[in-house]
Amino acid sequence: MPALNGISFARTDTDTFVTQLLRIQHDLSIDRSRMRNNITLRHLRAFVAIAERGGYTAAAQFLNISQSALSRTIVEIEEELDTRLFERTTRRVVVTASGEQLLMNARRVLEEFDSAMSRFQLYHSGLNGVVSLAALSSVASIILPTVISEFRKARPNVRMSVKDGFAEEVVNYVSNGQVDFGITSFPKAKGRLVCERIVADRLICICSKSHRFANMETVSWNDLAGEDFVAFDPLSSIRTCVDRALQIAEIQLGTVTEVRDVGAVAGLVSADLGVSAVPSLVLPMMQFCEFAEKELVNPVVEREIYLIHDPQTPMPPAAGILMEMLRQGAKQEFRIPTGARWLDKSQPDPTRKK
């Protein structure tokens, strides 16, 4: 089955059409070697227009061509098929028996072609198709719902596929061509991938309500020294961000408990088994537990979120539109939790400094 940019064109009607033409030739004892299959959609549209409008004058007006040009087109078909398609009288044009066979199949071919092109136009305009993306779990849960909801208002027929995972998993999804684009943090160099900053969210200290931090206005990184700590899995972009900040501040923690799941971090902190540092985007995913939230200062640390894609991989138009909406998050004023912010494209990317 041939395809044009992801839109499949069924061969069934075309094959039937050709078969019917051969049958017409056989019935009329025509030499098949003379048939070159030079009939085009233009020929079929002209033929169908005359048959449906009962004459050359009305068909020429409908097709917006001269009557002489229309007549030449029909002569070309008749010469190609070596048969008469119309009987002409002084008052009307009548389709012949051979013409009836051609008309039945020509209509089917034109309808299928027009339908296929209509589907393609919807796809090309970003109004149809499938968008596949990969994102950090916090992004998939907190940022994407608002953006996709706005996207779908004008494109209800576009299907979505969202894979959530750790930062490097998102990068691999994009690198391997499994998704159209990704949203991740701390993307490591991956050949030709393009990375664009779109969001930054502050790290916040969370602790149990009985912990000494709960009575403090703010918590500094130095305050974390010697504290038992609930850390995210080493594969998490949150862990990378926190470890960098601790290393720069030369902070030695107490007992570290590593967990993979956001909910597990919230539960352990709530049970006073350690404090933790989490991005603002993650906090809404932890609200089932009770804990205290404190600004983490000296310094304020932000995790940056990147939009990534492979410029050499063809992208569905709908995916390109959704990516642009994410780039314009600040201008679109999409809802985002306190402590997180959309980054304007005009702002410099500090990761590009050398």
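Since we're looking at a predicted model, the values are computed, not measured. Along the sequence shown, the residues carry numbers beginning at 1.
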State whether a side-chain donor-acceptor pair under 3.5 Å links [X] with [Y].
{"X": "Gln178", "Y": "Ser132", "value": "no"}
{"X": "Thr96", "Y": "Ser98", "value": "no"}
{"X": "Asp272", "Y": "Ser208", "value": "yes"}

Glu227 with Arg212: basic N within carboxylate O range, under 4.0 Å: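 A salt bridge links Glu227 with Arg212.
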Listed once per pair and sorted, the ring-ring contact (aromatic ring centres under 6.0 Å, His included) pairs that draw on residues 211-259, sequence neighbours left out: His211-Phe213
Qualifying residue for salt bridge (Lys or Arg N to Asp or Glu O under 4.0 Å) with Glu304, from Arg341, Arg244, Arg197: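 The option that passes is Arg197.
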CZ/Arg152: more than 12 non-hydrogen atoms of other groups inside 6.0 Å: yes
Salt bridge (Lys or Arg N to Asp or Glu O under 4.0 Å) against Glu295, all qualifying residues, sequence neighbours excluded: Arg202
With sequence neighbours excluded, residues passing salt bridge (Lys or Arg N to Asp or Glu O under 4.0 Å) with Asp310: Arg192
[X] side chain vs [Y] backbone, donor-acceptor pair below 3.5 Å:
{"X": "Ser175", "Y": "Val171", "value": "yes"}
{"X": "Glu150", "Y": "Thr146", "value": "no"}
{"X": "Thr313", "Y": "Gly177", "value": "no"}

N/O donor-acceptor pairs under 3.5 Å from side chains in residues 45-54, not counting sequence neighbours:
residue : atom : partner : partner atom : Å
Arg45   : NH1  : Asp114  : OD2          : 3.3
Arg45   : NH2  : Asp114  : OD1          : 2.6
Glu52   : OE2  : Arg107  : NE           : 3.1

Side-chain cluster (under 4.5 Å, hydrophobic types only) that Leu235 belongs to, other residues: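 Members besides Leu235, by chain and number: Phe166.
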Transitive ILVMFWY cluster of Val300, excluding itself - 4.5 Å side-chain cut-off: Val297
